[in-house]
Amino acid sequence: MSMDNAISTIPVHKYYYLHNFQNALQWINDRYQDILQPEETEFIEGFSCLPVMSQALFVRLIMRKGPWFRYSKLVYDEIPDVLAAAQPLLALGWLREDKPLSLEELFGLYAKPELVTVFAPQGARASMRKSEILALMSAVDTAPQYHNEWITDSTERAWKIDLGQLCTRLRLMFFGNLYQTWSEFVLADLGIFNYEAVALDASCRAFQQGHDVDTYLEINVWRELINDAPCLEEYLELLNAPVCGNHWLEGRRQKLLYCLGQAYEKQGDLSFAQQVYAASTYPGARHRNIRVLEKLGDCTQALALAQRAIENPESPDEKQKLARMLPRLLRSQGIPTQRRKAICPSIAELSLHLELLNPEPLLSVEFALRHHWHSEHSPVFYVENSLFNALFGLLFWDALFAPLQGAFFHPFQAGPADFGSADFVQRRHALFEKGLNALEDGSYQHMIQSRFIEKKGLLNLFVFWNHLTQDLLDLALICIPPQHLRLVFSRMLCDLKQHRTGFPDLIRFWPEQQSYEMVEAKAPGDKLQDNQILWLEYFVAHNIPVKVCHVTWLKPLATEIA
DNA sequence: ACCTAGCACCCATAA
DNA sequence: CGGAATGGGG
DNA sequence: TTATGGGTGCTACCCCATTCC
Ligand SMILES: [Mn+2]
């Protein structure tokens, strides 16, 4: 804790955010000359000509919620005269005070007590909820007005930032996504996020074509539309959208279709959902298509599609789901099926039943089991996916951070941008082979240990550093034979997206015997998930030690009424 | 990869 | 008043 | 009773102030 405080109190330059933004603009300007739109070039040029205070204010604003701001709410030590700083921005029209505010915008800008005062004549009362006052006023007067018409008798000013879209576009071009913000810079400066240093040359950039930037933004608009409000029939027009030439964007488009299907399904528009699922190649879309056909009562179609699918399953996960649906669909057609005994007999044999006394304070089954088994000579860790993912991330560090074309293009990446694409492993084949070979010749131990030291704290999408201690790592390397690591990593490499998850909750070590065992803990009512079952089957098939422990509580609840 | 994914928890339904 | 939710900040 | 599907909630840097109910 004190360490964290020490880090976060290191003083940064008072205009740190402005310097970061200037650097980002420079970066973009250097790499995107051919793609930048005229107004973007104009903006970059115009920005550099502004007085420092105005630049600083502008950057402060684009990092805040917006698009409306109240002058009185803009208080910064490093910008003593906000009004003066705003003048050049107002003159350029980057900030506007001559725009009307809708009622909703006004309500976003002012707190309830203020609105009660303003709208008391129309019947607003302090006892009402803010939403009730809004409803009241909507009934009376909904037309947008200028700020000084809404709020008379006030020295307050309201400004609207007009370059939000443009700045979002620049941010997208820099990061290649919209979830990262300009605050990445300061978080990295403060040591809150530490990124691997990947060599980036002047040609590294997220987008190769201006059109792709637009496509990304369009998809994002659709996504917000789908998430924020009920989906209309008109959205089916997405079915006619052209295929994207860019693989990465085409994948995003397919995912968008899948999300639209989910939204339709959730709101009960099964027929729309079915059409969209049928058009999407996103993993899982076919399964949802079959399920929705079933829900629609079209079991004939559902069965036909399921039978076609099981001939050529897209993944073990889909195969698993299909195997569960098929008997039901067959029965619906009057075709009898023998009642299938538990999912897989080999997994049933892994079962172990324990009655435990839940210590105070109450623990989850995973922690209770760990507590029950843990001892100095047989330590137990609650690791879930984190252990094997971390070992994977450390062993294959060089492969993950290899500076391949298109993989890295800004200094704040926890992994390559093309992680998710079908040819990800193929493109790095030789590097992954190198890691696997290290398992053969024994050098993997040193490789993993030294990277644990060297790379500690650096963001890696496979390594969760707070879960991985030196103790845990030492025990894992002592107790888990390299043959097992190889088996696990091989399966992961088949499909990194899907096979990163589903590992058992606990791992028990017996360092003196150099042995270990993984254990999936199950509370009553909890059941194995598909990805867990698939790993269990794999472990059984390769003699990797694993159990499923079903825990019941010995003394249910005596101290419950408190 | 913070409107996203992985996990556990809780409930409804059907054989 | 308590306490959740949101926004701003380094 | 079991099996299945579905929905929800938590958690992700951490601290602080404001807002709202
Ligand atoms: Mn579990």
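Each chain gets a letter, A, B and so on, in the order the sequences are listed, and its residues count up from 1. Quick note: numbers below take in every heavy atom, side chains included, and nothing from hydrogens, waters or symmetry partners.
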So, is [X] near the phosphate of [N], with a side-chain N or O under 4.0 Å from OP1 or OP2?
{"X": "A/R500", "N": "B/dG6", "value": "no"}
{"X": "A/N220", "N": "B/dC3", "value": "no"}
{"X": "A/R60", "N": "C/dG8", "value": "no"}
{"X": "A/R291", "N": "D/dG6", "value": "yes"}
{"X": "A/K112", "N": "D/dC20", "value": "no"}
{"X": "A/K295", "N": "D/dG6", "value": "yes"}
{"X": "A/Q413", "N": "B/dA1", "value": "no"}
{"X": "A/R288", "N": "D/dG6", "value": "yes"}
{"X": "A/Y179", "N": "B/dT4", "value": "no"}
{"X": "A/K65", "N": "C/dG7", "value": "yes"}

How many whole angstroms separate atom [atom1] of [X] from atom [atom2] of [N]?
{"X": "A/F424", "N": "B/dA1", "atom1": "CZ", "atom2": "P", "answer": "12 Å"}
{"X": "A/L458", "N": "D/dC13", "atom1": "CG", "atom2": "P", "answer": "16 Å"}
{"X": "A/L369", "N": "B/dA8", "atom1": "CG", "atom2": "P", "answer": "12 Å"}
{"X": "A/Q529", "N": "B/dA5", "atom1": "CD", "atom2": "P", "answer": "15 Å"}
{"X": "A/I79", "N": "C/dG8", "atom1": "CD1", "atom2": "C1'", "answer": "14 Å"}
{"X": "A/L363", "N": "B/dC9", "atom1": "CG", "atom2": "C1'", "answer": "17 Å"}
{"X": "A/F464", "N": "B/dG6", "atom1": "CZ", "atom2": "P", "answer": "10 Å"}
{"X": "A/W68", "N": "C/dG7", "atom1": "CH2", "atom2": "P", "answer": "18 Å"}

Using a 4.0 Å heavy-atom cut-off, does [X] contact any base of the nucleic acid, only the sugar-phosphate backbone, or nothing at all?
{"X": "A/K14", "answer": "nothing"}
{"X": "A/G502", "answer": "sugar-phosphate"}
{"X": "A/Q532", "answer": "sugar-phosphate"}
{"X": "A/E224", "answer": "nothing"}
{"X": "A/E520", "answer": "sugar-phosphate"}
{"X": "A/D189", "answer": "nothing"}
{"X": "A/F419", "answer": "nothing"}
{"X": "A/Q180", "answer": "nothing"}
{"X": "A/D228", "answer": "nothing"}

Which one, [options], comes nearest to the side chain of [X]?
{"X": "A/N385", "options": "B/dC7, D/dG7, B/dA8", "answer": "B/dC7"}
{"X": "A/L190", "options": "C/dG10, D/dT19, D/dT4", "answer": "C/dG10"}
{"X": "A/R324", "options": "D/dT4, C/dG10, B/dC3", "answer": "D/dT4"}
{"X": "A/Y16", "options": "C/dG10, B/dC3, D/dG7", "answer": "C/dG10"}
{"X": "A/R328", "options": "D/dT4, B/dA8, B/dT4", "answer": "D/dT4"}
{"X": "A/A111", "options": "D/dT19, B/dC7, B/dA5", "answer": "D/dT19"}
{"X": "A/Y76", "options": "D/dG5, C/dG9, B/dA5", "answer": "C/dG9"}
{"X": "A/R64", "options": "D/dT4, B/dC7, C/dG8", "answer": "C/dG8"}
{"X": "A/A523", "options": "B/dA8, B/dC9, D/dT8", "answer": "B/dC9"}

Please determine whether a side-chain nitrogen of the Lys or Arg among [X] and [Y] lies less than 4.0 Å from a carboxylate oxygen of the Asp or Glu.
{"X": "A/E318", "Y": "A/K321", "result": "no"}
{"X": "A/R428", "Y": "A/D418", "result": "yes"}
{"X": "A/E265", "Y": "A/K295", "result": "yes"}

Considering only atom [atom1], compute the distance from [N] to [M] and round it to an integer number of Å.
{"N": "D/dT8", "M": "C/dG8", "atom1": "P", "answer": "29 Å"}
{"N": "D/dC10", "M": "C/dA5", "atom1": "P", "answer": "8 Å"}
{"N": "C/dC1", "M": "D/dC20", "atom1": "C1'", "answer": "13 Å"}
{"N": "D/dG9", "M": "C/dA4", "atom1": "C1'", "answer": "15 Å"}
{"N": "B/dC3", "M": "B/dA8", "atom1": "P", "answer": "24 Å"}

Q.
One pair to check against side chain to side chain contact (heavy atoms under 4.5 Å, CB included): A/L74 and A/F69. What are the steps and the verdict?
A. CA-CA 8 Å; A/L74 304 176; A/F69 300 93; 4.3 Å; yes
(Q) If the test is ring-ring contact (aromatic ring centres under 6.0 Å, His included), which one of A/Y264, A/W222, A/F272 qualifies with A/Y235? (A)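 It is A/W222, the one option of A/Y264, A/W222, A/F272 that forms the ring-ring contact (aromatic ring centres under 6.0 Å, His included) with A/Y235.
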Q: Is it possible for you to check whether A/R500 lies under 6.0 Å from the centre of the six-membered ring of A/F462, through NZ or CZ, and within 45° of that ring's axis?
A: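 Yes.
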Q.
Is the positively charged end of A/R370 above the ring of A/Y382, judged by distance under 6.0 angstrom from the centroid and angle within 45° of the axis?
A. no
Q. Is there a donor and acceptor pair closer than 3.5 Å between the side chain of A/K527 and the base of D/dG5?
A. yes
Q | Identified salt bridge (Lys or Arg N to Asp or Glu O under 4.0 Å) partner of A/E294 from the options A/R328, A/R324, A/R288 | A | A/R328
Q) Considering heavy-atom distances to DNA chain B, does A/D526 or A/K497 have its closest nucleotide positioned more toward the 5' end? A) A/K497
Q.
For A/E520 and A/W535: C-alpha separation, side-chain torsions, deciding distance, then whether side-chain hydrogen bond (donor to acceptor under 3.5 Å, both in side chains) applies.
A. CA-CA 11 Å; A/E520 171 58 34; A/W535 270 116; over 6 Å; no
